[in-house]
There are 2 protein chains.
Amino acid sequence: MYKGVECEWGLNHGLIGSSNLLPGIAVRGKLAAIGSIRHHREGDGLFHEGSEASCILYIDSGVVKVINSLPGGKEIVQGFLFPGDLAGFGEYGGYAATVKAITPVAAVHLRAAAVEALLRSDPDLQSQIFFKLCQNLRLAQQHVVSLVQPSAKKRIVMLLNLLRIHSQFPRQSPEQIHLPMSRTDIADYTGLAVETVSRNFQRLQREGTIRLITSHCVEITDERVFESLLRTED
Amino acid sequence: MYKGVECEWGLNHGLIGSSNLLPGIAVRGKLAAIGSIRHHREGDGLFHEGSEASCILYIDSGVVKVINSLPGGKEIVQGFLFPGDLAGFGEYGGYAATVKAITPVAAVHLRAAAVEALLRSDPDLQSQIFFKLCQNLRLAQQHVVSLVQPSAKKRIVMLLNLLRIHSQFPRQSPEQIHLPMSRTDIADYTGLAVETVSRNFQRLQREGTIRLITSHCVEITDERVFESLLRTED
DNA sequence: CGCGACGTTGAAGCGCCTCAACCACGGTGG
DNA sequence: CCACCGTGGTTGAGGCGCTTCAACGTCGCG
């Protein structure tokens with residue numbers, strides 16, 4: 001069944017070789033050369049769960065969410081993709097999830113066949129892709145860790161911590177975190193009710209840990225408390 | 001941040017080529033040739049979170065669990081590995097998780113460097129590995145889906161459904177499912193308290209959906225109800 | 001101005017967690 | 001052989017936190 005961390009293969013060390021530390025800029029160039037850039041409005045679906053997986057996306061700018069739809073119309077947010085991320089990769093048959101833009105998005109659309117051909121002739125690109133795949137598995141495992149937390153507060157703090165690295169000025173102080181997604185998206189990612197998400201944002205603010213500048217921008221006002229929330233058992 | 005389903009890349013179609021449907025038997029042979037088989041007792045740790053990732057494991061027989069340890073001593077079960085599965089693959093630096101045997105286990109131990117060399121010379125094996133990596137990502141996503149379920153009952157039913165495919169006689173009727181892991185392991189996988197797990201097993205039995213033959217073996221007595229529990233929104 | 005989407009706040013109820021006790025089983029040692 | 005103990009599983013009672021349902025506030029837009 002579930003192979004979880006099996007993902008944590010040892011492979012990459014050499015397979016990827018020394019190139020795995022290069023930023024993804026080369027990747028973008030290589031992919032853009034064989035694809036076409038398309039622009040999507042906020043709320044647009046880039047592809048849909050179950051439909052034939054013929055295209056791969058490279059997110060050039062903007063943010064998208066990766067979701068699974070449940071019978072009752074409820075949505076589960078598996079994650080968010082930022083510039084430099086890939087979507088629609090590794091599907092066999094239909095897409096395993098729906099991808100929707102939560103901001104205006106520019107994406108490179110690539111035919112799967114073209115990408116495969118390119119990968120065969122470019123071991124370096126292949127390594128980069130493999131590296132990204134492993135990264136994703138880690139992120140999925142982190143998501144699992146956050147979902148297992150019994151307290152809503154900690155789940156939210158863990159999400160904020162993940163979003164931290166996507167702020168354009170890393171480690172500025174006081175640190176501000178931009179939240180491109182809605183409260184509903186956060187609820188669907190953390191497995192909580194929207195009201196619970198809202199209440200816990202307010203609570204963190206009352207306690208002096210964060211400050212809500214707008215509903216889509218928070219500032220960490222007490223780094224020590226924030227870090228300790230991440231570390232403490234509960 | 002989290003790239004979740006991004007994993008569902010389109011890559012494999014051609015990269016893996018026509019060989020991706022072959023069973024893993026060839027993989028076992030190739031790996032066994034460059035590794036050594038070791039036997040582990042129930043409860044043994046095969047490797048530990050954080051320690052240097054120098055080895056890769058191929059599970060030959062038995063079942064292991066993949067766990068993350070939390071500050072408070074609590075464990076999170078990311079998944080279970082069965083014969084044919086790999087562990088310790090794709091690590092950069094230290095292992096991302098601990099792997100422990102939950103039954104007696106025979107595993108092929110491989111030096112990461114040796115595997116990398118083999119992979120470079122064997123594109124077919126490389127494809128098989130890549131395929132497994134994608135599989136894992138799907139499983140992790142399924143795990144997330146089960147954790148987001150608000151009801152304990154459904155989380156447990158989803159786990160049982162996953163374990164179904166590992167019963168040696170698939171689709172026998174009445175269908176029996178072997179549970180090699182303890183209630184504690186199930187609790188740590190589903191994010192529930194042990195008592196809740198136990199209570200819901202009993203409840204499913206009272207309702208006539210399953211029958212507990214032993215605490216490690218259940219039989220699905222009402223397939224229709226079982227399936228509907230998987231499908232209904234809640 | 002009025003409408004709708006989104007976010008917040010309040011009140012009530014249920015489900016899961018916690019703490020505690022009990023039971024079944026296997027291993028150990030007297 | 002059986003008393004003893006430790007582990008794993010089950011059952012009960014009580015409390016807290018999240019969900020649900022409902023209402024209200026706010027902002028952007030027609």
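Protein chains get the first letters and strands the later ones, always in sequence-line order, with residue 1 at the start of each. Every value quoted in this text rests on a predicted model; they were computed, and no experiment measured them.
Contact of the Ile102(B) side chain with the Ser182(B) side chain is not registered, since no non-hydrogen atoms from C-beta on lie closer than 4.5 Å. In this structure the side chain of Leu70(B) reaches within 4.5 angstrom of the side chain of Gln149(A), judged on heavy atoms.
Using a 4.0 Å heavy-atom criterion, one finds that Gly191(B) contacts the sugar-phosphate atoms exclusively.
Between Arg28(A) and Asp60(A), at least one side-chain nitrogen of the basic residue sits less than 4.0 Å from a carboxylate oxygen of the acidic one, meeting the salt-bridge criterion. Ion pairing of Lys74(B) with Glu233(A) is absent here, as no side-chain N (NZ or NE/NH1/NH2) approaches a carboxylate O to less than 4.0 Å.
The CG atom of Asp234(B) sits 10 Å away from the P atom of dC16(C) (whole-angstrom rounding). Here dG7(C) presents its P atom at 12 Å from CG of Asp188(A), a figure rounded to the nearest Å. Separating the CD1 atom of Ile186(B) from the P atom of dC16(C) is a distance of 16 Å, rounded to the nearest angstrom. In this entry the distance linking CG of Leu204(A) with P of dT8(C) reads 12 Å, nearest Å. Atom-to-atom, CG of Leu179(A) to C1' of dG7(C) comes out at 13 Å; the value is rounded to the nearest Å.
Every residue two or more places apart in sequence or in another chain that forms a salt bridge (Lys or Arg N to Asp or Glu O under 4.0 Å) with Arg211(B) is listed here: Glu219(B). Listed by chain and number, the residues in a salt bridge (Lys or Arg N to Asp or Glu O under 4.0 Å) with Arg38(A) amount to none (sequence neighbours excluded). Applying the salt bridge (Lys or Arg N to Asp or Glu O under 4.0 Å) criterion to Arg111(A), with sequence neighbours excluded, gives no partner residue.
Nearest-nucleotide positions on DNA chain D place Leu212(B) closer to the 5' end than the other of Arg155(A) and Leu212(B).
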Side-chain polar contacts of residues 194-209 of chain A - donor-acceptor pairs under 3.5 angstrom, sequence neighbours left out - could you list them?
from: Gln205(A); atom 1: OE1; to: Leu212(A); atom 2: N; distance (Å): 2.9
from: Glu207(A); atom 1: OE1; to: Lys153(A); atom 2: NZ; distance (Å): 3.0
from: Glu207(A); atom 1: OE2; to: Lys153(A); atom 2: NZ; distance (Å): 3.4

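Between Tyr58(B) and His109(B), the distance from one ring center to the other does not fall under 6.0 angstrom.
OP1 or OP2 of dG7(C) lies within a sub-4.0 Å distance of a side-chain N or O belonging to His216(A).
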For nucleotides 9-13 of chain C, which of its nitrogen or oxygen atoms have a protein nitrogen or oxygen under 3.5 Å away, and what is each distance?
from: dG10(C); atom 1: N7; to: Arg199(A); atom 2: NH1; distance (Å): 2.9
from: dG10(C); atom 1: O6; to: Arg199(A); atom 2: NH2; distance (Å): 3.3
from: dA11(C); atom 1: N6; to: Arg199(A); atom 2: NH2; distance (Å): 3.4

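Using a 4.0 Å cutoff to heavy atoms of chain A, the contacted part of DNA chain D runs 5' to 3' from dC18(D) to dA22(D).
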